[in-house]
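Data first, discussion second: the structure below is written as structure tokens.
What you see is a predicted model; the values in this text were computed from it and never measured. FYI, the numbering just counts along the sequence from 1.
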Amino acid sequence: MSTKLYDEAFLTGADMNTEWQLPWFFENYRKHNDTPLIFADFGVIDRDAIRPHVHAILDLTNVQERGWFKKPKAMYHAPARKLVWLDTDCQVLEDLSDIFGLLQPDQLNMVEDRPWAKRRGGVQFNSGVVGIVNKPLILGMWMNWIRESEEVGDQETLTANLNPITQIKYINPLPNSYNWLRLQIENDNEPALNARIIHWTGQKGNDRIRSMMNG
């Protein structure tokens with residue numbers, strides 16, 4: 001597997017609990033995209049089945065972080081100058097290559113989690129899609145916060161450690177179309193008419209993915 005440095009690449013990752021989503025994810029991605037795709041192995045069972053679909057594999061099976069807390073470390077080690085992480089429950093609907101032109105250096109480039117704001121107030125950004133240029137300082141800060149985190153996830157850890165001023169400094173908002181959340185469609189009556197990515201979060205999202213795979 002190549003270890004070259006890519007100018008632009010997408011990154012995804014899975015463990016044995018989310019590995020089942022990969023055939024669906026790879027099919028949707030390849031239908032619309034030819035940008036290099038890197039895979040972070042968080043503990044899958046069948047790595048050999050993944051190799052034909054990706055350009056490089058990162059082994060993160062033995063790092064101390066658990067589950068999705070490994071995501072920032074995967075981004076840090078991925079061999080790409082411009083990189084965009086995609087959760088495996090993201091349904092890629094179009095060519096995403098123009099997202100690289102929207103990335104700002106020294107920041108995490110993310111879509112605001114609009115359902116979270118509607119239910120809890122304040123601003124939080126969804127970590128299902130995260131873009132970086134090189135390895136910004138905030139990425140290392142995020143990794144450090146995770147080591148001490150008592151939050152339920154990597155997204156919540158990031159939010160808990162940023163105030164409104166530092167959030168503006170360290171996060172560049174991307175258009176909602178690059179991470180259209182399931183709750184926007186199913187609960188908030190926001191049809192994904194211009195979505196580039198639909199993010200099928202949670203157990204109900206898993207059920208939708210399974211229905212598409214079995215369809």
Side-chain angles (χ1 to χ4, degrees), residues 1-92 96 99-100 108-110 126-136 139-147 149 151-158 179 197 199-203 205-206 209-210 212-213:
M1 192 64 63
S2 172
T3 57
K4 66 178 286 187
L5 178 66
Y6 296 95
D7 184 54
E8 298 176 346
F10 289 95
L11 170 68
T12 194
D15 60 16
M16 66 176 65
N17 297 315
T18 53
E19 186 173 1
W20 64 272
Q21 297 173 344
L22 292 175
W24 172 83
F25 176 87
F26 289 145
E27 179 182 3
N28 291 326
Y29 180 84
R30 288 299 175 201
K31 190 183 300 181
H32 305 287
N33 295 269
D34 56 13
T35 302
L37 179 64
I38 301 167
F39 180 77
D41 181 358
F42 297 157
V44 297
I45 296 171
D46 190 359
R47 188 186 291 187
D48 288 339
I50 293 165
R51 292 185 189 280
H53 301 281
V54 300
H55 292 71
I57 293 180
L58 305 176
D59 186 348
L60 276 81
T61 55
N62 294 319
V63 301
Q64 70 178 54
E65 292 84 358
R66 66 191 188 281
W68 292 115
F69 286 99
K70 297 178 181 180
K71 183 188 304 182
K73 183 164 284 188
M75 294 174 65
Y76 185 83
H77 289 288
R81 188 180 69 84
K82 288 187 175 183
L83 181 77
V84 176
W85 167 276
L86 303 172
D87 279 1
T88 55
D89 56 359
C90 285
Q91 182 182 8
V92 177
L96 303 177
I99 196 173
F100 294 104
L108 300 175
N109 297 264
M110 307 170 72
N126 187 277
S127 65
V129 178
V130 187
I132 55 172
V133 179
N134 296 316
K135 310 301 178 187
L139 181 61
M141 295 164 62
W142 193 11
M143 290 168 56
N144 290 334
W145 293 332
I146 277 175
R147 293 190 187 102
S149 179
E151 300 291 336
V152 297
D154 58 272
Q155 175 176 318
E156 290 78 9
T157 298
L158 182 64
N179 189 358
I197 295 169
H199 189 179
W200 296 106
T201 58
Q203 184 55 52
N206 285 340
I209 292 171
R210 286 190 175 94
M212 284 184 268
M213 294 177 71

How long is the straight-line distance from CG of D87 back to OG1 of T201, given to the nearest 0.5 Å?
9.5 Å

Partner set under ring pair (Phe, Tyr, Trp, His ring centres under 6.0 Å) for F25, not counting sequence neighbours:
none

Distance check, rounded to the nearest 0.5 Å: W142 atom CH2 versus N144 atom CG?
13.0 Å

In terms of heavy-atom contacts, P79 and I38 come closest through CD-CD1, 3.6 Å

Minimal heavy-atom distance between V44 and A14, with the atoms involved, is CG1-O, 3.4 Å

Going by the rule side-chain hydrogen bond (donor to acceptor under 3.5 Å, both in side chains), which residues pair with N33 if we only count those two or more places apart in sequence or in a different chain?
none

Criterion side-chain contact (heavy atoms from CB on, under 4.5 Å) on I132 and L108, from CA distance to verdict:
CA-CA 6 Å; I132 55 172; L108 300 175; 3.8 Å; yes

Considering residues, nucleotides and ligands other than M212, do more than 12 of their heavy atoms fall under 6.0 Å from its CE?
yes

Nearest non-hydrogen partners of W24 and T88, listed with the distance
CZ3-O, 3.3 Å

Pairs meeting criterion salt bridge (charged side-chain N to carboxylate O under 4.0 Å, His left out) with involvement of residues 19-42, two or more places apart
D41-R47

So that I know where these two stand, are F69 and F42 an aromatic pair - ring centroids less than 6.0 Å apart?
no

Under the side-chain contact (heavy atoms from CB on, under 4.5 Å) rule, what do V129 and M110 come out as? Steps first, then yes or no, please.
CA-CA 6 Å; V129 178; M110 307 170 72; over 6 Å; no

What residues form a side-chain hydrogen bond (donor to acceptor under 3.5 Å, both in side chains) with S127, not counting sequence neighbours?
K71, D154

Give me the ring orientation class for F10 and Y29: parallel if the planes are under 30° apart, tilted from 30 to 60°, perpendicular past 60°.
perpendicular

What distance separates I146 CD1 from L158 CG, expressed to the nearest 0.5 Å?
8.5 Å

When you look at H199 and D89, which way does the side-chain contact (heavy atoms from CB on, under 4.5 Å) test go after all the steps?
CA-CA 6 Å; H199 189 179; D89 56 359; 2.9 Å; yes

List in chain and number order the residues that pass side chain to side chain contact (heavy atoms under 4.5 Å, CB included) with D48, two or more places apart in sequence or in another chain; answer none if no residue qualifies.
D46, R51

Considering all heavy atoms, the nearest I209-Q21 contact:
CD1-NE2, 4.0 Å

Just verifying a value: how many Å separate Q155 CD and N126 CG, rounded to the nearest 0.5 Å?
4.5 Å

Name all residues meeting the side-chain hydrogen bond (donor to acceptor under 3.5 Å, both in side chains) criterion together with R210; count only those two or more places apart in sequence or in a different chain, and write none if there are none.
none

Can you list the residues that meet the side-chain hydrogen bond (donor to acceptor under 3.5 Å, both in side chains) rule with W200, with sequence neighbours excluded?
Q91

How many angstroms lie between CG in D7 and CG in L83, if you round to the nearest 0.5 Å?
11.5 Å

Between T35 and Y6, does the side-chain contact (heavy atoms from CB on, under 4.5 Å) criterion hold? Intermediate values first, please.
CA-CA 10 Å; T35 302; Y6 296 95; over 6 Å; no

Inter-residue atom distance L96.CG - E8.CD, 0.5 Å rounding:
12.0 Å

State which residue, out of T12, N28, I197, fulfils the side-chain contact (heavy atoms from CB on, under 4.5 Å) condition with C90.
I197

Non-hydrogen atoms of A78 and L11 that approach each other most closely
CB-CD2, 4.1 Å

Might you point out which heavy atoms bring S149 and T157 nearest each other, and give the distance in Å?
OG-OG1, 2.6 Å

Who pairs with F39 by ring pair (Phe, Tyr, Trp, His ring centres under 6.0 Å), at least two apart in sequence or on another chain?
none

Look only at the side chain of K70 and the backbone of L60, and say whether a donor-acceptor pair between them is shorter than 3.5 Å.
yes

Backbone of M75 reached by a side-chain donor or acceptor of K135 within 3.5 Å:
yes

List for me each residue that meets ring pair (Phe, Tyr, Trp, His ring centres under 6.0 Å) alongside H32, sequence neighbours excluded, and say none if there are none.
none

